[in-house]
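Below is one structure, written out as structure tokens; comments come after it.
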Amino acid sequence: MLTRWNTGWSDFDEMFAAMNQLRTYMDRLFEEAWGGRLFGDRPQLYGAGTWPRANLIDTGSSLVLTAEVPGLSDKDIQITLNQEVLTLSGERKVQVPEGYSVHRQERPAVRFSRSFALPCRVDADRTTATVKNGILTVTLEKAADVMPRRIAVKAST
Amino acid sequence: MSRETGIVKSEPQPMAQSAERPAVAPPCDIYENADEILVVADVPGAVPETIEINLDKNELSITARRELPAVEGSLLAAEHRDRDFRRRFAVPGGIDANRITADLRDGVLTLHLPKSEALKPRQIAVRAG
């Protein structure tokens, strides 16, 4: 599914972005307002639903995407950049350790593919990604021609 | 001009403040074999120094404080924020608390709770009479 974020860059994207926003708010409401215990005593587990959860930060010269990918190492995550669409994909396998019986299994085994419409063009060659302690950080440097440029004003004589 | 409105001004009641930081329940897997109980929890962003594991009588509690990578800038979308992880389980008695080990790898916490000798299954030999 393509995630569009409401960044004010495009009117067309706004409706999709608004729906995403609503879903995010609802997730948060369930998670926090009732302490995750809306339905009976069973806690609403963190990490259920959208996978992986991601943040997008605009630092001015770059866009930084952080995502929660517990259990995945660098080899398990594929990142592709196609024009302004960033796609994260991969698979997390959950295996019962040999010789153990199962009491409870809440950690989902997921095969995921998530695409994000970025608010501007980025330089694919200068994009870096690291994963540490289950947090993936993708740093996308903005393309040179979308950066703000200072226009010198010359006095006309 | 004075008018009785019947509306009484009341001081705003302070919301119940929790001393603890907001926390969410991490998803956990629980496995068992003859020697130990194995707890596996997803705690992305937690570092070993901030994870607290307590076994108090029959209650196991796991708390992991986490800080997401600090990036200066405007947040365009936020699906995850700084939230601690907290979870409590009732565990059967007979866990050897001194030998509990835990390791953290790629944001996944694995907790080994070894059973004490008394709790381990025993083979009973049958003798022919």
Side-chain angles (χ1 to χ4, degrees), chain A residues 3 5-7 17 20-21 24 27-28 31-32 35-37 43-48 50 52-73 76 94 96-108 116 119 130-137 139, chain B residues 16 18 20 22-51 64 66-92 104-110 112-113:
Chain A
T3 300
W5 279 325
N6 191 359
T7 54
N20 267 315
Q21 194 89 38
T24 310
D27 280 354
R28 207 178 282 164
E31 185 182 297
E32 289 171 7
R37 287 174 185 274
Q44 161 98 8
L45 291 174
Y46 187 76
T50 309
R53 287 186 182 222
N55 278 14
L56 184 71
I57 301 150
D58 185 343
T59 67
S61 63
S62 62
L63 299 170
V64 179
L65 182 122
T66 59
E68 295 179 350
V69 289
L72 295 185
S73 64
D76 304 321
V94 174
V96 179
E98 193 77 26
Y100 285 80
S101 57
V102 178
H103 283 295
R104 187 190 281 258
Q105 249 185 338
E106 296 168 346
R107 298 169 59 242
F116 303 97
T130 56
V131 63
K132 192 183 174 201
N133 291 328
I135 302 277
L136 172 74
T137 307
T139 307
Chain B
S18 162
E20 296 172 315
V24 290
C28 294
D29 289 351
I30 300 177
Y31 305 108
E32 182 178 359
N33 72 0
D35 300 318
E36 63 172 9
I37 294 172
L38 190 66
V39 179
V40 184
D42 280 345
V43 288
V47 288
E49 299 82 62
T50 63
I51 296 183
R66 69 163 176 173
E67 309 286 344
L68 292 171
V71 183
E72 285 292 313
S74 55
L75 199 58
L76 300 182
E79 292 175 349
H80 62 109
R81 293 186 290 171
D82 280 352
R83 286 286 172 271
D84 293 348
F85 293 109
R86 199 176 304 133
R87 195 86 193 254
R88 277 190 270 267
F89 292 106
V91 291
L104 184 69
R105 192 189 158 88
D106 296 333
V108 177
L109 177 73
T110 308
H112 296 270
L113 305 166

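Proteins come first, then strands; the chains are lettered A, B, ... in the order of their sequence lines, and each starts at number 1.
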Is it the side chain or the backbone of [X] that comes within 4.5 Å of chain A heavy atoms, both, or neither?
X        : answer
Ala41(B) : backbone
Val40(B) : both
Glu72(B) : backbone

For [X], is it the side chain, the backbone, both, or neither that has a heavy atom closer than 4.5 Å to a heavy atom of chain B?
X         : answer
Ser101(A) : both
Val64(A)  : side chain
Val69(A)  : backbone

Top of Thr139(A), Thr137(A), Val96(A), Leu63(A) for chain B proximity - count of heavy-atom pairs under 4.5 angstrom: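 When all of Thr139(A), Thr137(A), Val96(A), Leu63(A) are compared, Val96(A) has the most.
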
How long is the gap from [atom1] on [X] to [atom2] on [Y], to the nearest 0.5 Å?
X         : Y         : atom1 : atom2 : answer
Asp76(A)  : Asp106(B) : CG    : CG    : 8.0 Å
Phe116(A) : Leu65(A)  : CZ    : CG    : 5.0 Å
Tyr100(A) : Asp29(B)  : OH    : CG    : 13.0 Å
His103(A) : Phe89(B)  : NE2   : CZ    : 12.0 Å
Glu68(A)  : Ile135(A) : CD    : CD1   : 5.0 Å

Among the listed options Ala34(B), Gly73(B), Ser74(B), Gly107(B), the residue most often paired with chain A at heavy-atom distances under 4.5 Å: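 Heavy-atom pair counts peak at Ser74(B).
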
Between Pro44(B), Ala46(B), Pro48(B), the one whose heavy-atom pairs under 4.5 Å with chain A are most numerous: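 Among the listed options, the one with the most contacts to chain A is Pro44(B).
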
Pro70(A): which of Val43(B), Leu109(B), Val108(B) passes side-chain contact (heavy atoms from CB on, under 4.5 Å):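 When Val43(B), Leu109(B), Val108(B) are each tested with Pro70(A), the side-chain contact (heavy atoms from CB on, under 4.5 Å) holds only for Val108(B).
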
Under 3.5 Å donor-acceptor, Thr50(B) side chain and Val47(B) backbone: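 It does hold such a pair.
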
